[in-house]
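Computation of the quantities below employed the complete heavy-atom set of this structure, encompassing side-chain atoms and omitting hydrogens, waters and symmetry-equivalent molecules.
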Number of protein chains: 2
Amino acid sequence: METETITENQKVRVAKKLKKMFGHMDRREMEYCPIRDVMALASDKWSILIILYLGYFPILRFNQLKKKVYGISNKVLSERLKILEADGYLSRQMYPEVPIRVEYQLTTFGHSYLLKLIDLSEWVTTYSDQIIDNRKRFKKG
Amino acid sequence: METETITENQKVRVAKKLKKMFGHMDRREMEYCPIRDVMALASDKWSILIILYLGYFPILRFNQLKKKVYGISNKVLSERLKILEADGYLSRQMYPEVPIRVEYQLTTFGHSYLLKLIDLSEWVTTYSDQIIDNRKRFKKG
DNA sequence: CCGTATCCCGGACGATACTG
DNA sequence: CAGTATCGTCCGGGATACGG
């Protein structure tokens, strides 16, 4: 399992993108930072899992999500859902039946984010064995 | 600023990828989860910023990084660097001069990860205004 | 200069109980 | 069923000082 080497062409494009991004970050320095204030809220382990599961199962209810996202507590799940809803990644539909029913699903915007998240997750799952291995070798030597 | 709609073709590819990923995650359920155990360690706000800065400035010393990654403390920076080094994203080169000099840079592996991270960060910076806006409207209504 | 060591605090998180 | 409320815990993370 070998990581592809980076071509010069890629390097140039990367440099350009970074330049643009850092320009963006500098301009509003101290005001707000997209990475800290936006990305961090949707790229923690819980949020990622929630979004991926909603990508896989288009509609999920609260307790279904709770079962899928193993180990999450009521409180944290409810908090995360509220944040993700507020930021526009997912929608919440409540049916005032008895017992009550609430359904969550990704918005169009959330689907767009899902694509990016899948790319990243794919990369990570592909290389996770290698990373675990790196970790072990680092510990030893 | 409109989010592109998702084509049927994309949906199918997404479903396939997710199926593969979740299969991967289920198979080792309880043993370890790539998202939790690998991705989460390299996708928190500090790690992202460290890696992006090392993408922009190929070589950085400890205190240079500390200045760039605004607000990070000695302790956290040193912890994150150790994790990122252990997992293979970056290398640490020490020159036993007086005063000592230590240089950090991305490995080839780290560059490969950087590409994915840039994609995500680009998406986020592109839509961050919209997200902030979503957030405000949610608060009001 | 590059960190580690220490101390301390606030906030994140888990568990549980409870309500509409 | 879908959460909220409450409480206790724990640890991430900030500040400072110091050692190699």
Worksheet entry | Protein proximity profile, nucleotides 5-14 of chain D - base contact B, sugar-phosphate-only contact S, no contact -, cut-off 4.0 Å on heavy atoms | -B------BB

Practice prompt. Can you tell me which stems DNA chain C forms, taking runs of 3 or more consecutive Watson-Crick or G-U pairs with both distances under 3.5 Å?
Written response: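 Stem list for DNA chain C: C:3-20 with D:1-18.
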
Practice prompt. On the 0 to 90° scale, with breaks at 30° and 60°, tag the B:Phe57-B:Tyr53 ring pair as parallel, tilted or perpendicular.
Written response: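 Taking B:Tyr53 first and then B:Phe57, their aromatic rings lie parallel (interplane angle under 30°).
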
Discussion item. Please verify the inter-ring angle class for A:Tyr127 with B:Phe109; under 30° counts as parallel, over 60° as perpendicular, anything in between as tilted.
Written reply: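 Aromatic pair A:Tyr127/B:Phe109 classed perpendicular.
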
To the nearest angstrom, how far is [X] atom [atom1] from [N] atom [atom2]?
{"X": "A:Gln64", "N": "D:dG3", "atom1": "CD", "atom2": "C1'", "result": "15 Å"}
{"X": "A:Leu81", "N": "D:dG3", "atom1": "CG", "atom2": "P", "result": "7 Å"}
{"X": "A:Leu65", "N": "D:dA2", "atom1": "CG", "atom2": "P", "result": "10 Å"}
{"X": "B:Ile100", "N": "C:dG3", "atom1": "CD1", "atom2": "C1'", "result": "8 Å"}
{"X": "B:Asn63", "N": "C:dC1", "atom1": "CG", "atom2": "C1'", "result": "7 Å"}
{"X": "A:Met94", "N": "C:dG20", "atom1": "CE", "atom2": "C1'", "result": "10 Å"}

Discussion item. Is the shortest side-chain heavy-atom distance between B:Tyr70 and A:Arg36 below 4.5 Å?
Written reply: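 They are in side-chain contact.
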
Worksheet entry | Student check: side-chain heavy atoms of A:Leu120 and A:Ile48 closer than 4.5 Å |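 Contact flag for A:Leu120/A:Ile48 side chains = no.
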
Item to complete: Could you go through the side chain to side chain contact (heavy atoms under 4.5 Å, CB included) check for B:Arg80 and B:Asp44 one step at a time?
Response: CA-CA 10 Å; B:Arg80 290 284 179 264; B:Asp44 65 283; 3.0 Å; yes

Between [X] and [N], is there a contact of a side-chain N or O with OP1 or OP2 at under 4.0 Å?
{"X": "A:Arg61", "N": "D:dC1", "result": "no"}
{"X": "B:Ser78", "N": "C:dC2", "result": "no"}
{"X": "B:Arg92", "N": "C:dG3", "result": "yes"}
{"X": "B:Lys82", "N": "C:dT4", "result": "yes"}

Discussion item. Under 4.0 Å, counting only non-hydrogen atoms across every strand here, what does B:Lys66 touch: a base, just sugar-phosphate, or nothing?
Written reply: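 The residue B:Lys66 makes no contact with any strand.
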
Worksheet item: Which part of the nucleic acid does B:Tyr104 contact within heavy-atom distance under 4.0 Å: base, sugar-phosphate only, or nothing?
Response: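 B:Tyr104: backbone/sugar contact only, no base atoms under 4.0 Å.
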
Item to complete: Taking B:Ser47 for its side chain and B:Ser43 for its backbone only, find out whether a donor-acceptor pair lies under 3.5 Å.
Response: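 Judged by distance alone, no pair lies under 3.5 Å.
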
Discussion item. Please check: side-chain N/O of B:Asp133 versus main-chain N/O of B:Asp129, any donor-acceptor pairing under 3.5 Å?
Written reply: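 It does not hold such a pair.
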
Practice prompt. Determine the sole option in B:Arg13, B:Lys17, B:Gln10 for which the side-chain contact (heavy atoms from CB on, under 4.5 Å) test with A:Leu115 is passed.
Written response: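 The single option meeting the side-chain contact (heavy atoms from CB on, under 4.5 Å) with A:Leu115 is B:Gln10.
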
Practice prompt. Among A:Val102, A:Ile100, A:Leu77, find the residue that satisfies the side-chain contact (heavy atoms from CB on, under 4.5 Å) test when tested with A:Phe62.
Written response: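 One option only clears the test, and that one is A:Leu77.
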
